[in-house]
Undergrad: 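Next up is a structure, given as structure tokens.
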Number of protein chains: 2
Amino acid sequence: MSERPQYLSAEERRAATVQAVVDLAAEQNPADITTTAIADRMGLTQGALFRHFPNKDAILEATMTWVGERLLVRVDKAAEGAKSPAAALEAMFMAHIDFVAKHPGVPRMLFGELQRSGETLAKRMVQTLIRQYEQRLRRLMEAGKVQGELDADLNVDAAAVLFIGTIQGLVMQSLLAGKVSRIRRDAPGVFAIYRRGIESTK
Amino acid sequence: MSERPQYLSAEERRAATVQAVVDLAAEQNPADITTTAIADRMGLTQGALFRHFPNKDAILEATMTWVGERLLVRVDKAAEGAKSPAAALEAMFMAHIDFVAKHPGVPRMLFGELQRSGETLAKRMVQTLIRQYEQRLRRLMEAGKVQGELDADLNVDAAAVLFIGTIQGLVMQSLLAGKVSRIRRDAPGVFAIYRRGIESTK
DNA sequence: ATAAAGTAAGTGACCTATTACTATCCTAAC
DNA sequence: GTTAGGATAGTAATAGGTCACTTACTTTAT
């Protein structure tokens, strides 16, 4: 128990900053997370943030990097363990839902970032993240079509859009209810309908 | 053609203000539409807005009223003309997509409003709007189940969430591509999968 | 003539980023 | 080991900008 304050290293502070942003986004509108709010959450003064980041956008970029890495890794690992394409899609979905339930601010940050006017780096990072995500979906779906598990006439592009929309719908519902727990509760039922829409009729 | 400026009535200005907000939301991040931007769009000075609205939130409230009325009316009219519940759902979906394609800022405003921290009136208006919307969906789906057109085991609540998520996914895709035209192009394919997910297997 | 609509110029609040200064850490020489 | 001293992390204060809203005054409509 140190009485006196203790300085953290640059890398530790960067990680702690990202964590603060992710946590704050879960509690309030991501659009108005101020540098003061981030610093307060970390027990620092506002100016201290600019020792580790050149500007606020750089903080958002670091956060997007964190999100991209964590989300894709978790989703990939979930898909790996599945024994069929359709099972992999379901595992991917549930891993994603689990991630979102733990970090409810994340999908809201991504959506907000996409809406920003300028050509910011953070925005482009979100775009490539989603495109990578969709690519994984399409690959799995093509495999499922070949295997006969998924509808042979399935429009993969549309199915990928709907996959993401499914999550977005659940996020919206949790915002409506004001309860994050809704996401986990409603996810299986919603995915069941989605699955029915892409499966082959046996 | 009047050379000299001409004053509009209070009601005309209120309507013009709402239109300016809806138009601006289509072009930029709804979150940072300033009163100055609204006034500029109308050819007024910023302060003039406060002759017709007590504060900025009141402008948003008026906009939400406008959205709610227009959207529900159009969607209801579309559903009316259909000859079966499933057809009504599809007509409702397409009418909604048509509305969103014409006013791309609207779904983004709604989502943004839901994220606001406080218990603002505009936020509550969005909540009730979506609940009314879902109620219509559930009613149609129950009718479709009774009629045998939709899956007898369909989870209507989940299906309503997914219906809205479907639109949200299309909006996200249009943001990714930067083209609103994407929405209209991709809508039929996405809805086809949705429909397959809720229909009864004949 | 009186009320309503609009203007121009503020005011205060808040937000990002900078600056001048201080505290802590780390390492190399004694 | 202790300690001088540079590098790094942090503070407090503030500059500069933007935004919502107000006020004093002017223009238009009835």
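Residue numbering restarts at 1 for every chain, and letters A, B, ... go by the order of the sequence lines.
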Undergrad: Could you state the atom-to-atom distance from CZ of A:Phe50 to P of D:dA13 in whole Å?
TA: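 Atom CZ in A:Phe50 sits about 18 Å away from atom P in D:dA13.
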Undergrad: Without decimals, in angstroms, what is the distance between B:Met42 CE and C:dT7 P?
TA: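 Roughly 10 Å, once rounded to whole Å.
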Undergrad: Relative to the ring of B:Phe163, is the ring of B:Tyr133 parallel (under 30°), tilted (30 to 60°) or perpendicular (over 60°)?
TA: tilted
Undergrad: I want to check one thing: is the phosphate of D:dC19, taken as OP1 and OP2, less than 4.0 Å away from some side-chain N or O of B:Thr35?
TA: no
Undergrad: Indicate whether OP1 or OP2 belonging to D:dG10 is found under 4.0 Å from a side-chain N or O atom of A:His52.
TA: yes
Undergrad: Please give, in whole Å, the distance from D:dT18 P to B:Asn29 CG?
TA: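 Answer to the nearest Å: 18 Å.
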Undergrad: What contact category does A:Leu8 fall into here, base, sugar-phosphate, or nothing, at under 4.0 angstrom with non-hydrogen atoms?
TA: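 The answer is sugar-phosphate, as A:Leu8 gets under 4.0 Å only of primed atoms, P, OP1 or OP2.
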Undergrad: Does the plane of the ring in A:Trp66 sit parallel, tilted or perpendicular to the ring in A:His103? Use 30° and 60° as the thresholds.
TA: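 Ring orientation, 0 to 90° scale: perpendicular.
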Undergrad: Can you identify which nucleotide, out of D:dG10, C:dT7, C:dT16, has its nearest atom closest to the B:Ala48 side chain?
TA: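 Looking only at side-chain atoms, B:Ala48 lies closest to C:dT7.
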Undergrad: Measure the distance from CZ on B:Arg14 to P on C:dA4 and round it to the nearest whole Å.
TA: 16 Å
Undergrad: Rounding to an integer number of Å, can you tell me how far A:Phe53 CZ sits from C:dT18 P?
TA: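 Computing the A:Phe53:CZ to C:dT18:P distance gives 15 Å.
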Undergrad: Using every non-hydrogen atom in the two residues, find where A:Ala58 and A:Pro54 come nearest and quote the distance to one decimal.
TA: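 Heavy-atom minimum between the residues: CB-CD, 3.6 Å.
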Undergrad: Atom CZ of B:Arg13 and atom P of C:dT7: how far apart are they, to the nearest Å?
TA: 8 Å
Undergrad: Which nucleotide in the list D:dA12, C:dC21, D:dC25 gets nearest to the side chain of A:Thr45?
TA: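 Closest nucleotide to the A:Thr45 side chain: D:dA12.
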Undergrad: Of the nucleotides D:dC21, D:dT11, D:dC25, which has the atom closest to the A:Leu44 side chain?
TA: D:dT11
Undergrad: How close do A:Ala177 and A:Arg182 get, heavy atom to heavy atom, and via which atoms?
TA: CB-NH1, 3.6 Å
Undergrad: Between C:dG6, D:dA9, D:dC19, which one does the side chain of B:Arg51 approach most closely?
TA: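 The nucleotide sitting nearest to the side chain is C:dG6.
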Undergrad: Confirm from the modelled atom types if B:Gln46 and D:dC21 form a donor-acceptor pair under 3.5 Å, side chain to base only.
TA: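 Counting by modelled atom types and ignoring angles, a donor-acceptor contact under 3.5 Å is found here.
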Undergrad: Send over the distance from B:Leu49 CG to D:dT22 P, rounded to a whole Å.
TA: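 B:Leu49 atom CG is separated from D:dT22 atom P by 13 Å.
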Undergrad: For the residue pair B:Leu49 and B:Ala39, what are the closest heavy atoms and their distance?
TA: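 Closest approach of B:Leu49 to B:Ala39: CD1-N, 4.2 Å.
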Undergrad: Hey, which of these two, B:Tyr7 or B:Asp57, hits DNA chain D nearer its 5' end, going by closest nucleotide?
TA: B:Asp57
Undergrad: Check the distance between D:dT8's P and A:Gln6's CD and give it to me in whole angstrom.
TA: 18 Å
